[in-house]
Amino acid sequence: MNLAKFPRRGYVTEPTPLEALPNFSKALGADINIYIKRDDLLPGTAGGNKTRKLDFSMADAINQGADTIITCGAVQSNHCRLTLAWAVKEGLDCHLVLEERVKDSYNPEASGNNFLFQLLGVKSVTVVPGGSNMLGEMEKLAEKLRAEGKKPYIVPGGASNKIGALGYVSCAEEVLRQLFDRGLAIDHMVVPSGSAGTHAGIIAGMVGNNAGIPVTGIGVNRKKPVQEAAVLNLANETLEYIGAEARVPAEKVVAFDDYVGPGYSLPTDAMVEAVKMLARTEGILLDPVYSGKAMSGLIDLARKGYFPKGSNVLFLHTGGSPALYAYLPTFRA
């Protein structure tokens with residue numbers, strides 16, 4: 001697939017590490033070998049997966065003559081942090097619309113990403129109730145800014161559209177090249193599945209390259225049928241946008257909803273176990289909302305025998321560790 005025909009800003013300058021996790025694998029005791037793709041080490045303020053998507057999204061914004069970026073997310077959104085960070089780097093204004101997915105969860109004095117929004121100089125923060133029409137809220141803000149003479153560009157939540165998903169088609173190809181160079185065969189890949197762009201991009205890249213590596217998503221918000229439909233639709237929309245002939249069959253899309261717990265961003269005991277386990281065996285920080293819950297899913301699936309014994313399983317680390325500092329009581333309990 002020829003991704004070179006799509007404009008990007010060059011934020012991703014080299015492959016992120018693909019590392020073995022021998023201590024973690026031993027501690028898990030499931031007779032599988034776990035590897036990790038370190039997209040938490042991508043460039044951008046505190047790193048994370050959205051840099052790959054924004055590489056393409058910001059290029060589209062600049063090509064359209066935008067001077068202002070508007071995006072949305074939850075109150076501790078990693079996506080909002082990185083969109084703001086790259087807007088700063090590009091000399092663009094950035095306005096955030098934050099959704100209180102958990103009632104009364106927004107605290108302007110909070111630590112974590114909320115603190116970083118202020119430190120990075122966000123132009124405005126608009127907080128709306130959970131369940132709001134986020135695209136509609138961003139459009140309202142865009143109209144206001146246009147009336148002030150600005151040229152806003154809306155980046156959807158998670159940069160999860162066919163433009164942003166190109167970043168994870170590219171990541172899939174990067175992974176395949178790393179595996180080839182190391183002579184390493186991966187039997188299964190596990191990814192966090194939230195706004196759908198990362199999961200959809202990885203599947204589109206794997207299917208488009210006929211890689212034969214099954215991908216399991218661990219959902220962090222929506223019910224399984226809804227999430228799988230969103231991933232499938234975006235994966236195929238992305239392949240069509242690229243001009244690939246391949247399409248993702250529905251049976252290739254798996255997004256478990258068993259590990260969400262009481263709701264999006266709300267802690268679970270399994271998430272806490274996963275975060276502590278990886279930190280104390282490999283010195284790697286997960287986040288409490290996405291990668292922590294996704295890793296809790298991998299742990300549970302491994303213990304239940306979901307992966308055949310001796311399998312090599314690759315976990316995609318999407319970053320987000322700044323959010324840990326907004327959850328200190330959860331980890332100190």
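Atoms considered below: every heavy atom in the structure, side chains included; atoms not considered: hydrogens, waters and symmetry mates. Just so it is clear, the model here is predicted, and its values are computed rather than measured.
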### Query
Below 6.0 angstrom between ring centroids: does that apply to Phe115 and Tyr325?
no
### Query
side-chain contact (heavy atoms from CB on, under 4.5 Å) with Ser160: which of Lys50, His199, Lys53?
Lys53
#### Entry: Rounded distance (nearest 0.5 Å) linking atom NZ of Lys304 with atom CG of Asp258
6.5 Å
### Summary
Between the SG atom in Cys94 and the CG atom in Leu120, the distance rounded to the nearest 0.5 Å is 9.5 Å
### Query
So, Lys123 side chain and His95 main chain: donor-acceptor pair closer than 3.5 Å or not?
no
#### Entry: From Leu98, Asn113, Leu324, residue fulfilling side-chain contact (heavy atoms from CB on, under 4.5 Å) relative to Gln76
Asn113
### Message
Hydrophobic clusters here meaning ILVMFWY residues chained together by side-chain heavy-atom distances under 4.5 Å, can you tell me if Leu328 and Leu286 are in one?
### Response
yes
### Query
Under a 4.5 Å cut-off applied to non-hydrogen side-chain atoms, are Arg9 and Lys89 in contact?
no
### Query
At what distance, to the nearest 0.5 angstrom, does OG1 of Thr68 lie from CG of Asp93?
4.5 Å
### Query
With no hydrogens and no angle check, is any side-chain donor or acceptor of Arg81 less than 3.5 Å from a backbone partner on Pro322?
no
### Aromatic ring pairing Tyr259/Phe256, orientation class (parallel under 30°, perpendicular over 60°, tilted between)
perpendicular
### Query
Tyr11 vs Trp86 aromatic rings, parallel, tilted or perpendicular, using cut-offs 30° and 60°?
parallel
### Task
State whether a side-chain donor-acceptor pair under 3.5 Å links Glu137 with Asn133.
no
### Query
Is there a chain of hydrophobic side chains (I, L, V, M, F, W, Y, each step under 4.5 Å between heavy atoms) that links Val275 to Val289?
yes
### Message
Show, in sequence, the C-alpha distance, side-chain angles and deciding distance for Tyr168 and Asp39, and conclude whether the side chain to side chain donor-acceptor pair (under 3.5 Å) test is met.
### Response
CA-CA 11 Å; Tyr168 271 88; Asp39 273 12; 2.5 Å; yes
### Query
Same cluster or not: are Ile154 and Val125 linked, directly or through other Ile, Leu, Val, Met, Phe, Trp or Tyr residues, by side-chain heavy atoms under 4.5 angstrom apart?
no
### Message
What verdict does the side chain to side chain donor-acceptor pair (under 3.5 Å) test give for Asp60 and Gln64, after you've listed the backbone C-alpha separation in whole Å, the side-chain angles of each residue and the deciding distance to 0.1 Å?
### Response
CA-CA 6 Å; Asp60 189 54; Gln64 293 189 32; 3.1 Å; yes
### Query
Can you tell which of Phe307, Tyr35, Phe315 makes a ring-ring contact (aromatic ring centres under 6.0 Å, His included) with His188?
Phe307
### Query
Who are the salt bridge (charged side-chain N to carboxylate O under 4.0 Å, His left out) partners of Glu19, not counting sequence neighbours?
Arg38
### Query
So do the side chains of Val88 and Thr45 get within less than 4.5 Å of each other, counting heavy atoms only?
no
### Query
Got a salt bridge between Glu148 and Lys150, using NZ or NE/NH1/NH2 to carboxylate O under 4.0 Å?
no
#### Entry: Ionic contact status for Arg146 with Glu143, cut-off 4.0 Å
yes
### Task
Any chance you could lay out the side chain to side chain donor-acceptor pair (under 3.5 Å) test for Thr71 and His79, step after step, and finish with the verdict?
CA-CA 9 Å; Thr71 198; His79 163 69; 2.6 Å; yes
### Message
Treating Asp67 as the side-chain partner and Lys151 as the backbone partner, does any N or O pair qualify as donor plus acceptor under 3.5 Å?
### Response
yes
### Message
Can a donor-acceptor pair be found, under 3.5 Å and without considering hydrogens, that links the side chain of Ser132 to the backbone of Pro129?
### Response
yes
### Summary
Going by chain and number, the hydrophobic cluster around Leu266 (ILVMFWY, side chain to side chain under 4.5 Å) further includes Val102
## Note on the structure
Tightest non-hydrogen contact, residues Gly158 and Ser195, listed as CA-OG, 3.6 Å
